[in-house]
Amino acid sequence: MLDIRFVRERADEVVTALKKRGEGTEILNAFLAIESQRRDLLKIVEEKRQVRNTITKEVGNLKKQGKDASSVLKEAKKVSDGIAEKEEVLRELDRKGMDELLLIPNIPHESVPVGTDESQNKELRVWGAKPDFSFEPLNHWDIGENLGILDFERAGKIAGARFVINKGAGARLERALMNFMLNVHTKDHGYTEILPPILVNRESMTGTGQLPKFEDDLFKLSEESKGFLLIPTAEVPVTNMHRQEILNENDLPLYYTAYTPCFRKEAGAYGKDTRGLIRQHQFNKVELVKFVKPEGSYDELEALTANAEEILKRLGLHYRVVCLCSGDLGFSAAKTYDLEVWFPAQGKFREISSCSNFEDFQARRAGIRFKKPGKKGTEFVHTLNGSGLAVGRTVAAILENFQQEDGSVIIPEALRHSMGTDRISKL
RNA sequence: GGAGAGGUGGCCGAGUGGUUGAAGGCAGCCGCCUGCUAAGCGGUUGUGGGGGUCAAACCUCACCCAGGGUUCGAAUCCCUGCCUCUCCGCCA
């Protein structure tokens, strides 16, 4: 959420931002109209309240002294008359204004390249090299099925499309990766491990920006089941840990890492990545989340991105880093780096991590502030997060990049100990 | 799932219709005092909005879990929701 005052006083900057994102200004205009009505009414209501407070105090004094207050009471009644209705209208305007404000996306950072879609994302660096195959590399789903470690068919039977069963070495690989990632981030990068709820309430989803705009992308339990929502990413519960809190300046920065399953409807993705592990309704992910002071938040983004990259490096996976252009930027983000790993069978890079600085956009929605000792008032923290990494996609990348002509797959050095083997072969 | 109790400021805790943004204590901050000890004395310390100012001062509205209601007036009464605790039931 943007600062109300900022939107009001510097609407032109919001318009510029919306244009960069390729979005219209209807919502902004609707908001501004409601907001000006709200402020006018607020002034009136507050004046009335002030009058009422004064008279009411007088009533109290008279009664205390045992004097007759009936004439003042009459006046008081008159003043109070009509306040209730006006307050009701004010509440309505409040709600409506907030509804609109919650739909306005974040302002892209000045360093974000302007562009309309992903084709204009900017490649920043490439690590490693494409593997050399003396044979036609297979898709990861064929490798996985051939090895008997991924079972999409039975998953379809027990759940439906976009689910998978990991079996044997496939399950172990998934588990080894989760452990590996968590170990690196906790031991080498200084993050605190969190194992959060994966069902959350609406306030949490609103706090990080999934609601109200992206309700259709979320799995939801019925009202009889309390209307819980299934998290699409650990970003939601972990960022909301500090919702409506005032942190101490000394507490910052806070670094958290969390493994969770993630659930996404993929409602707008019909026909996209229908095969394989790339786009599942349920997948595992290790997430990195930071709460930091505003001053250094862009350095923190670089560091967080480097932390995610470190996993790919240690696994020996060829990848590149791109900076999303304004048109491809997510709703809540001010700046995002995507890590894209090489998929040889598809012959292209695919996203495996998305690292963003949300600045105070989520913090304002979620009321996450900090206090500087000795200073009056509070400031919003900056929140950041990134995948470190999406585990299923990492499995897919390992299968494709390290496949051998005989159908086996070489296990990266970093995982061999926990896998108990250096190669997955057909049994 | 059933029965009961409760949710007040950084913390503890008073307050059941009228100068209560909220007693008292603790903690913090500022000052004073003191040749004795984590001592004593005085003062001070919430958040958000609107107005005001170069910036302050200042004025004002709201906030005692959340949302409604009753009333001239609510932390205080009523309703709903959420959460915590105790007992019973069920259960990984």
Side-chain angles (χ1 to χ4, degrees), chain A residues 1-10 31-32 34-102 195-207 211-212 221-229 237 240-252 261 360 363-381:
Chain A
M1 179 169 82
L2 299 175
D3 181 15
I4 293 186
R5 211 152 35 183
F6 175 83
V7 176
R8 201 161 64 208
E9 288 166 9
R10 290 153 79 177
F31 169 76
L32 290 172
I34 294 165
E35 174 63 7
S36 101
Q37 284 180 53
R38 185 186 75 87
R39 295 224 310 155
D40 291 345
L41 188 58
L42 182 64
K43 214 173 268 184
I44 294 168
V45 167
E46 289 198 348
E47 275 166 18
K48 282 188 180 292
R49 279 178 185 159
Q50 191 183 344
V51 173
R52 184 188 64 191
N53 287 348
T54 314
I55 297 179
T56 278
K57 244 173 221 173
E58 212 179 315
V59 175
N61 283 338
L62 289 174
K63 290 231 165 162
K64 224 175 202 170
Q65 292 164 32
K67 292 182 185 160
D68 173 46
S70 58
S71 72
V72 187
L73 252 173
K74 230 178 180 172
E75 197 189 342
K77 197 158 196 167
K78 218 164 66 193
V79 173
S80 281
D81 232 31
I83 287 193
E85 291 94 273
K86 284 209 163 47
E87 282 178 334
E88 173 59 36
V89 176
L90 186 64
R91 268 200 299 274
E92 192 53 36
L93 286 172
D94 249 330
R95 270 192 287 263
K96 278 158 91 175
M98 192 52 69
D99 286 350
E100 302 296 338
L101 189 60
L102 286 173
L195 189 61
I198 58 177
L199 300 180
V200 301
N201 56 32
R202 299 189 68 85
E203 287 72 28
S204 294
M205 287 292 188
T206 307
L211 288 181
L221 300 194
S222 67
E223 286 313 309
E224 297 82 68
S225 300
K226 300 199 169 190
F228 285 126
L229 298 125
N240 278 284
M241 284 202 311
H242 296 297
R243 172 151 49 84
Q244 298 299 335
E245 288 185 15
I246 299 175
L247 304 165
N248 280 320
E249 185 181 24
N250 315 336
D251 296 338
L252 300 173
D360 61 8
R364 184 173 291 107
R365 283 177 167 246
I368 309 168
R369 295 167 290 169
F370 73 100
K371 192 171 178 59
K372 291 186 176 171
K375 254 188 121 179
K376 242 193 130 150
T378 59
E379 272 185 73
F380 288 110
V381 303

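Naming convention: chains lettered A, B, ... in sequence-line order (proteins, then strands); numbering from 1 in each chain.
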> Roughly, in whole Å, what's the span from CZ in A/Arg8 to C1' in B/G51?
Replying inline: 12 Å
> In Å and rounded to the nearest 0.5 Å, what is the CG to CD distance from A/Leu62 to A/Glu58?
Replying inline: 6.0 Å
> Looking only at atom C1', what distance separates B/U45 and B/G25, rounded to whole Å?
Replying inline: 15 Å
>> Between C1' on B/U71 and NZ on A/Lys63, what's the gap in Å once rounded to a whole number?
In response: 11 Å
> Has A/Arg5 got a side-chain N or O lying under 4.0 Å from the OP1 or OP2 atom of B/G50?
Replying inline: yes
>> Between A/Arg95 and B/G67, is there a contact of a side-chain N or O with OP1 or OP2 at under 4.0 Å?
In response: no
> Expressed in whole Å, how much space separates the C1' atoms belonging to B/A75 and B/C65?
Replying inline: 12 Å
>> Considering every strand and a 4.0 Å limit on heavy-atom distances, what is the contact class for A/Lys371: base, sugar-phosphate, or nothing?
In response: sugar-phosphate
>> Within this structure, what is the CD1-CG distance for the pair A/Ile198 and A/Leu229, rounded to the nearest 0.5 Å?
In response: 12.5 Å
>> By the salt bridge (charged side-chain N to carboxylate O under 4.0 Å, His left out) test, which pairs, at least two apart or in different chains, include something from residues 42-53 of chain A?
In response: A/Arg49-A/Glu87
> Just how far is it from atom OG1 of A/Thr54 to atom CD of A/Gln50, taken to the nearest 0.5 Å?
Replying inline: 5.5 Å
> Touch check for A/Arg38, heavy atoms < 4.0 angstrom, all strands: base, sugar-phosphate only, or nothing?
Replying inline: nothing
>> Nearest heavy atom decides the nucleotide; on that basis, is A/Leu73 or A/Phe228 closer to the 5' end of RNA chain B?
In response: A/Leu73
> What distance separates A/Ile55 CD1 from A/Leu73 CG, expressed to the nearest 0.5 Å?
Replying inline: 10.5 Å
>> Taking only side-chain N and O atoms of A/Lys226, does any of them lie within less than 4.0 angstrom of OP1 or OP2 on B/G81?
In response: no
>> Between A/Arg38 and A/Glu35 (salt bridge meaning N to carboxylate O under 4.0 Å), is one present in this structure?
In response: yes
> Among all residues two or more places apart in sequence or in another chain, which pass the side chain to side chain contact (heavy atoms under 4.5 Å, CB included) test with A/Asn53?
Replying inline: none
> Excluding sequence neighbours, so at least two apart, what forms side chain to side chain contact (heavy atoms under 4.5 Å, CB included) with A/Asp251?
Replying inline: A/Leu247, A/Asn248
> Which letters describe nucleotides 56-66 of chain B, given B = protein heavy atom under 4.0 Å from base, S = only from sugar-phosphate, - = neither?
Replying inline: ----SBS----
> Can you check the A/Glu9 CD to B/G49 P distance for me, whole Å?
Replying inline: 12 Å
> Listed by chain and number, what are the side chain to side chain contact (heavy atoms under 4.5 Å, CB included) partners of A/Pro237, not counting sequence neighbours?
Replying inline: A/Pro196, A/Val200, A/Ile231
> By a strict heavy-atom criterion of less than 4.0 Å, which residues belonging to residues 76-91 of chain A are in contact with RNA chain B?
Replying inline: A/Ala76, A/Lys77, A/Ser80, A/Arg91
> Does A/Arg369 have a side-chain nitrogen or oxygen under 4.0 Å from the phosphate oxygens OP1 or OP2 of B/G48?
Replying inline: yes
